[in-house]
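In each ligand, atom 1 is the first atom listed, and ligand 1 is the first ligand listed.
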Amino acid sequence: MPTDTVPGPLRVLVFGGALRADSANSRLAALVARLVSDTGATVDLAGMREFGMPLYDGDVEAAEGLPPGALALRDRIDRNDAFVISSPEYNASVPGVLKNAIDWVSRVRPQPFKTKHALLVSASPSLVGGNRGLWALRVPLEHLGTRVYPDMFSLPNSYQAFTEDGTLADTGLQHRLSETVSGFLSLVEADVRYVCLERRWYEFLGDRTEAAITQRAEA
Ligand SMILES: Cc1cc2nc3c(=O)[nH]c(=O)nc-3n(C[C@H](O)[C@H](O)[C@H](O)COP(=O)(O)O)c2cc1C
């Protein structure tokens, strides 16, 4: 194969969805980033604190456009083939800060979520690891056309779950996380390299650029 047609490594944004400095979800994001990097993919590790933005307000958008934090997050999503979100669960759902960021970024055209694959993971001190929050997080992302990987990973007892080197104390869970990440990257690779998924229709009706997506599949 000529060297100019050899594809580069996959690029994956790994995003910690909590603001808290000592966030277990930031730790989980860092661990996922290591697992992704171990496969040879290029990792872009990010955290919610990098993308400050006000509460979504249509009047602010009309007067000032999108806030810099939302545009910065859009750029990071655009620059990568796929993204991973590690999110806490708040009241059995998506934390408002994360949903607010998704809402702002969804206002950009072309809408950036629709061409991406996503893996959802969570960490929580509870016994179910924040899994209900991930089911709620699926809804806006799938609505926006993101291919959300069917398998998810939720880490229970998050305050005691990590060893000093940042891996999981429970080797069974560490293995399961590693398998989940590897299965996700295989799917992303198949789509990015072989352009085999046609995207003829998706739920989000606010964007009229879907024809270009179909053409990508036909190329
Ligand atoms: C407003 C609020 C609601 C919460 N609701 C839940 C919940 O429904 N389920 C849960 O497992 N933990 C819940 N928690 C606890 C969080 O999982 C815990 O604060 C966790 O450490 C947050 O993630 P982080 O460590 O990444 O900051 C809640 C915390 C807050 C502040």
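- Follow the hydrophobic side-chain contacts under 4.5 Å out from L66 and you reach F113 in the same cluster.
- With hydrogens and angles ignored, the 3.5 Å screen pairs a side-chain donor or acceptor of R11 with a backbone N or O of R79.
- In terms of protein heavy-atom proximity, atom 26 (O) of ligand 1 is nearest to S23 OG, 2.6 Å.
- Close approach of ligand 1 to Y159 (heavy-atom distance below 4.0 Å) involves ligand atoms 18 (C), 19 (O), 20 (C), 21 (O).
- For the ligand labelled ligand 1, residue S158 lies outside the 4.0 Å heavy-atom shell.
- Atoms of ligand 1 found under 4.0 Å from any heavy atom of P88 (numbered from 1 in listed order, with element): 22 (C), 23 (O).
- At the shortest separation from atom 27 (O) of ligand 1 among protein heavy atoms lies R20 NE, 2.8 Å.
- Cation-pi geometry between R138 and W135 is met: the NZ or CZ atom falls under 6.0 Å from the ring centre, inside 45° of the normal.
- Counting heavy atoms closer than 4.0 Å to ligand 1, residue E89 contributes atoms from both its backbone and its side chain.
- The aromatic rings of F15 and F51 lie tilted to each other, with the angle between the two planes from 30° to 60°.
- By the 4.0 Å N-to-carboxylate-O rule, R147 lies too far from E142 to be salt-bridged with it.
- At a heavy-atom distance under 4.0 Å, only side-chain atoms of A18, from C-beta outward, approach ligand 1.
- Short contacts between ligand 1 and A92, defined as distances under 4.0 Å to a heavy atom of the residue, involve ligand atoms 7 (C), 8 (O).
- With hydrogens and angles ignored, the 3.5 Å screen pairs no side-chain donor or acceptor of D81 with any backbone N or O of K116.
- For R132, the closest heavy-atom approach to ligand 1 falls below 4.0 Å.
- Atom 17 (O) of ligand 1 has as its closest protein heavy atom P125 CD, 3.3 Å.
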